[in-house]
Amino acid sequence: MRALLRVEGACVLFAACWLYAQSGYGWGVFALCFLAPDLAFLGYLAGPRVGACCYNATHAHVGAIACFVAGRLLAQPALLVAGLIWIAHVGFDRALGYGLRYASGFGDTHLGRIGRAARRAP
């Protein structure tokens with residue numbers, strides 16, 4: 001199951017990049033903004049519950065897709081492109097095996113344990 005979810009994430013990443021290429025925006029914008037959702041890690045400075053909420057808010061598909069759709073409906077290319085970059089980031093994370101976080105610990109994700117937590121697991 002985990003392998004299928006990773007392939008699915010790679011497909012999302014590929015589709016978002018393909019659509020981005022059609023947008024006419026430069027890849028410099030893409031590279032500059034691609035890691036922006038990871039700023040949510042700063043939420044962990046306030047503790048694991050706040051950190052997980054911040055991370056999940058920026059790493060769930062719903063916000064990224066809403067941004068993309070709003071860009072289409074409002075004819076706002078910058079919003080549409082931001083949504084595509086955000087979708088690509090989430091797809092990239094899923095392809096690497098990173099999932100949404102549980103408040104129980106940084107390494108506990110909806111896709112299983114990651115990092116040191118996974119190495120300690122029996």
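For the single chain, residues carry numbers from 1 onward in sequence order.
Side-chain contact between L79 and C67 is present, with at least one heavy-atom pair separated by less than 4.5 Å. For the pair C17/F30, a side-chain contact is recorded, criterion being any heavy-atom separation below 4.5 Å from C-beta on. Within the 4.5 Å cutoff, the side chain of D93 has heavy atoms near those of the Y55 side chain. For the pair I87 and L19, the minimum side-chain heavy-atom distance is 4.5 Å or more.
Heavy atoms only, all atoms of each residue included: V12 and G91 are closest at CG1-CA, 4.0 Å. For A88 against L13, the heavy-atom pair with the smallest separation is O-CD1, 3.3 Å. Counting all heavy atoms, side chain and backbone alike, A60 lies closest to L100 at N-CD2, 3.9 Å.
Atom-to-atom distance recorded for Y44:OH and C54:SG is 9.0 Å, nearest 0.5 angstrom. Between atom CH2 of residue W18 and atom OG of residue S23 there is a gap of 11.5 Å, rounded to the nearest 0.5 Å. Here the OH atom belonging to Y25 is positioned 9.0 Å from the CD1 atom belonging to I85, to the nearest 0.5 angstrom.
Connection of W27 to F92 is established within a shared hydrophobic cluster, with ILVMFWY side chains joined at heavy-atom distances below 4.5 Å, either directly or through further cluster members. Under the 4.5 Å side-chain contact rule for hydrophobic residues, V81 and L73 share a cluster. Put simply, F14 and V90 are part of two different groups of oily side chains (I, L, V, M, F, W, Y) that touch within less than 4.5 Å, one to the next. L96 is connected to F34 through a chain of hydrophobic side-chain contacts under 4.5 Å among Ile, Leu, Val, Met, Phe, Trp and Tyr, so both are in one cluster. There is a path of hydrophobic side-chain contacts, each under 4.5 Å, that joins F41 to Y98.
When atom types are taken as modelled, the side chain of W86 and the backbone of H59 share no donor-acceptor pair closer than 3.5 angstrom. Between the Y20 side chain and the A82 main chain, no donor and acceptor come within less than 3.5 Å of each other. Of the possible donor and acceptor atoms, one in the side chain of R6 sits under 3.5 Å from a partner among the backbone N and O of A95.
Here the rule is side chain to side chain contact (heavy atoms under 4.5 Å, CB included) with H89, and of T58, L84, D38 only D38 fits it.
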request  = Kindly indicate, with the supporting measurements, whether the criterion side-chain contact (heavy atoms from CB on, under 4.5 Å) is fulfilled by V29 and L32.
outcome  = CA-CA 5 Å; V29 171; L32 186 65; 5.7 Å; no
